[in-house]
**Student:** 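Got a structure for you, written out below as structure tokens; questions coming shortly.
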Amino acid sequence: MLVQFYNVSKIYPNGVKALDDISLKIDRGEFIFLMGPSGAGKSTLIKMLFREELPTRGQIFLASRSIVRMKRAEVPRLRRNMGIIFQDFKLLENKTVYENVAFAMEVVGSNRKDIRERVPEVIKMVGLKGKENSFPGELSGGEQQRVGIARALANRPLLLIADEPTGNLDINTSQEIMELLFSINRKGTTVIMATHARELVKTAGKRVIMLEKGRIVTDTPSGEVLL
Amino acid sequence: MRPGSFLYFLGQAWQSLRRNRLLSLATISTVAVSILILGFAVLLTVNAGQFMNKLESDVEIIAYLDNDLDQSRISDIKRDLLALNGVESVNFVSREEGLKKLQENFGGHEYNLKETLGKNPLPHTYEIKATNPHDVPQIAQRVKNIDGVYKVNYGQGMVERLFNVTRWIRIISMIFIVMLAAAAVFLISTTIRLAIFSRRKEIYLMKLIGSTDWFIRWPFFIEGIFLGTVGGLIAIIILSVGYSSLIDRMDALFFIPLVTNPVLLNQIYLGLLACGAVLGVLGTWVSLNRFLDV
């Protein structure tokens with residue numbers, strides 16, 4: 001078991017109840033869609049995985065280690081097991097594609113030799129070979145998201161977390177990004193993706209967790225048809 | 001910290017200094033102006049302090065002795081004086097010496113005071129220095145009670161007023177310096193916060209990727225030390241050039257003795273330089289922590 005949520009609730013200081021008694025298990029190698037309308041608690045759930053938010057009640061485990069009871073100093077190590085992909089890409093505009101990907105390895109203290117080997121590898125994996133020296137401003141939205149994915153993969157994460165990764169992209173580009181994420185998943189990385197895009201989810205045949213008002217309303221296993 | 005990472009931090013700091021040239025310049029100027037004002041206030045205070053110390057240490061008690069004392073009684077009085085609490089030194093001035101001094105001060109060579117007066121009208125005196133000039137009034141009171149002393153003089157009234165004035169000048173200048181230092185911390189940390197704010201996205205990203213707080217802090221600290229030191233250096237260069245030219249000119253003009261002790265001045269300048277570096281780091285620390293809380 002990779003991720004476990006036990007009776008997790010989150011009430012923000014302003015009184016908003018974002019999550020209400022969520023229990024959830026995610027196996028290694030799964031691909032999970034997290035769906036639901038805005039304000040259903042998708043982002044809160046995702047932020048709890050990398051401990052940007054802590055639950056008000058309940059327990060969360062990653063690989064059997066409690067994220068909730070973890071000390072502040074242990075958080076960096078937790079996050080090194082994860083790759084995060086953002087809706088707005090969050091690329092550094094003044095760095096090239098190569099530097100953006102290398103950045104993720106530099107800031108966790110990887111040595112230069114590893115960086116020189118790994119960065120071209122992941123850039124090739126996401127299909128951006130030849131664009132190493134371009135700046136984000138010179139790339140299309142889909143290419144920018146590929147850089148974001150390459151950066152998330154650089155440190156060989158156990159878990160890939162994607163928060164609306166196709167939210168800023170057109171439908172064709174979104175399909176391409178989905179293909180990339182599926183292929184990463186096939187190589188063994190667990191993927192959790194929050195999304196609004198029903199049409200992407202429908203045809204995928206993956207597990208779908210539907211949130212509404214902070215509760216899980218349906219949890220459809222992979223292979224079943226989503227209604 | 002591994003030597004490899006230190007080089008990395010140094011490189012990162014240097015890159016950021018170059019990329020944010022305008023903000024770096026703004027921080028250096030802010031530090032320089034703050035330290036310059038602070039240094040000006042410190043020099044002013046040190047000089048005022050020295051001037052006041054000199055005024056105060058000039059205060060002494062003169063005890064006039066009865067005219068008909070024999071030698072052993074005069075020695076007894078000296079012993080009694082030295083036994084008093086807070087007395088630093090006692091200097092006997094015989095009536096002959098007193099007249100000689102008076103002759104030197106007023107008479108000059110063409111005018112013979114002794115012959116004019118006929119006989120020496122002066123009493124024997126003791127000049128008494130207190131360890132702490134502020135104790136002079138109380139000591140004078142006790143000196144007056146010694147048998148064989150018929151009068152004491154220490155500039156009664158004037159001395160108390162002088163001490164009152166110097167005490168207030170010291171308090172006010174300390175408050176002034178503390179306020180200036182607080183203003184400098186505020187100003188510098190605000191400027192640095194601006195610089196860090198422009199890079200908050202990068203910091204957030206580093207945190208989410210799994211960077212430790214110290215890994216993020218080091219380049220900023222190196223930057224803060226550098227900017228603070230350069231700003232401090234500019235300030236003390238302006239300050240020391242200005243002050244030494246002031247010393248050159250003032251010497252001929254005024255009776256007020258300026259502080260010229262090079263050791264003390266160098267200590268002040270080095271202190272101000274350290275102040276710049278410390279303010280740079282402090283400002284970075286204060287501003288950075290808010291962004292690290294992710």
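Reminder, nothing fancy here: chain letters follow the sequence lines and each chain counts from 1.
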**Student:** Considering only residues two or more places apart or on different chains, which pairs with a residue in residues 30-39 of chain A satisfy side-chain hydrogen bond (donor to acceptor under 3.5 Å, both in side chains)?
**Tutor:**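 Those involving residues 30-39 of chain A are A:Glu30-A:Arg207, A:Ser38-A:His196.
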
**Student:** Has A:Arg72 got more than 12 heavy atoms of other residues, nucleotides or ligands less than 6.0 Å from its CZ?
**Tutor:**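 More than 12 heavy atoms, drawn from other residues, nucleotides or ligands, come within 6.0 Å of this atom.
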
**Student:** Is B:Met179 atom CE crowded by more than 12 heavy atoms from other residues, nucleotides or ligands, each under 6.0 Å away?
**Tutor:**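 Count not over threshold, so no.
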
**Student:** Shortest non-hydrogen contact from A:Leu91 to B:Lys201?
**Tutor:**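 Between these two residues, the closest heavy atoms are O-NZ, 3.0 Å.
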
**Student:** If you count every heavy atom of other residues, nucleotides or ligands that lies below 6.0 Å from A:Lys95 atom NZ, does the total exceed 12?
**Tutor:**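 Yes, enclosed.
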
**Student:** Within a 6.0 Å radius of atom OH on A:Tyr12, are there more than 12 heavy atoms belonging to other residues, nucleotides or ligands?
**Tutor:**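 Yes - once you tally the heavy atoms of other residues, nucleotides and ligands closer than 6.0 Å, there are more than 12.
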
**Student:** What residues of residues 203-214 of chain B make heavy-atom contacts with chain A at a cutoff under 4.5 angstrom?
**Tutor:**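 Contacts with chain A: B:Tyr204, B:Leu205, B:Met206, B:Lys207, B:Leu208, B:Ile209, B:Gly210, B:Ser211, B:Thr212, B:Asp213.
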
**Student:** Where on A:Glu53 is there a heavy atom nearer than 4.5 Å to chain B: the side chain, the backbone, both, or neither?
**Tutor:**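 A:Glu53 has no heavy atom closer than 4.5 Å to chain B.
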
**Student:** Can you say whether A:Glu93 sits under 4.5 Å from chain B via the side chain, the backbone, both, or neither, judging by heavy atoms?
**Tutor:**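 Side chain only.
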
**Student:** Counting heavy-atom pairs under 4.5 Å to chain B, which of A:Ile84, A:Val75, A:Asn94 comes out on top?
**Tutor:**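 Most heavy-atom pairs under 4.5 Å with chain B: A:Asn94.
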
**Student:** Among A:Arg77, A:Met82, A:Arg51, A:Arg151, which residue forms the greatest number of heavy-atom pairs with chain B at distances under 4.5 Å?
**Tutor:**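 The residue among A:Arg77, A:Met82, A:Arg51, A:Arg151 with the greatest pair count is A:Arg151.
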
**Student:** Is chain B contacted by the side chain of A:Asn81, its backbone, both, or neither, given a heavy-atom distance below 4.5 Å?
**Tutor:**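 For A:Asn81, there is no contact with chain B at all, as no heavy atom is under 4.5 Å.
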
**Student:** Is the CG atom of B:Leu22 crowded by more than 12 outside heavy atoms at less than 6.0 Å?
**Tutor:**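 It does not: B:Leu22 CG has 12 such atoms or fewer within range.
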
**Student:** Assess whether atom CG of B:Asn85 is packed by more than 12 heavy atoms of other residues, nucleotides or ligands within 6.0 Å.
**Tutor:**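 No, not enclosed.
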
**Student:** Could you check whether atom CZ of B:Phe186 has more than 12 heavy atoms from other residues, nucleotides or ligands sitting under 6.0 Å from it?
**Tutor:**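 Incorrect, the count does not exceed 12.
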
**Student:** So for A:Ile161, is it side chain, backbone, both, or neither that comes closer than 4.5 Å to the heavy atoms of chain B?
**Tutor:**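 Nothing of A:Ile161, per the 4.5 Å heavy-atom cut-off to chain B.
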
**Student:** Just checking heavy atoms, which of residues 28-43 of chain B are less than 4.5 Å from chain A?
**Tutor:**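 Within residues 28-43 of chain B, no residue comes under 4.5 Å of chain A, counting heavy atoms only.
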
**Student:** Partners of A:Tyr6 by side-chain hydrogen bond (donor to acceptor under 3.5 Å, both in side chains), sequence neighbours excluded?
**Tutor:**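 Scan of A:Tyr6 (side-chain hydrogen bond (donor to acceptor under 3.5 Å, both in side chains), adjacent residues dropped) gives A:Gln4.
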
**Student:** Among the options A:Ala73, A:Gly83, A:Ala104, pick out the one with the most heavy-atom pairs lying under 4.5 Å from chain B.
**Tutor:**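 Of the options given, most contacts go to A:Ala104.
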
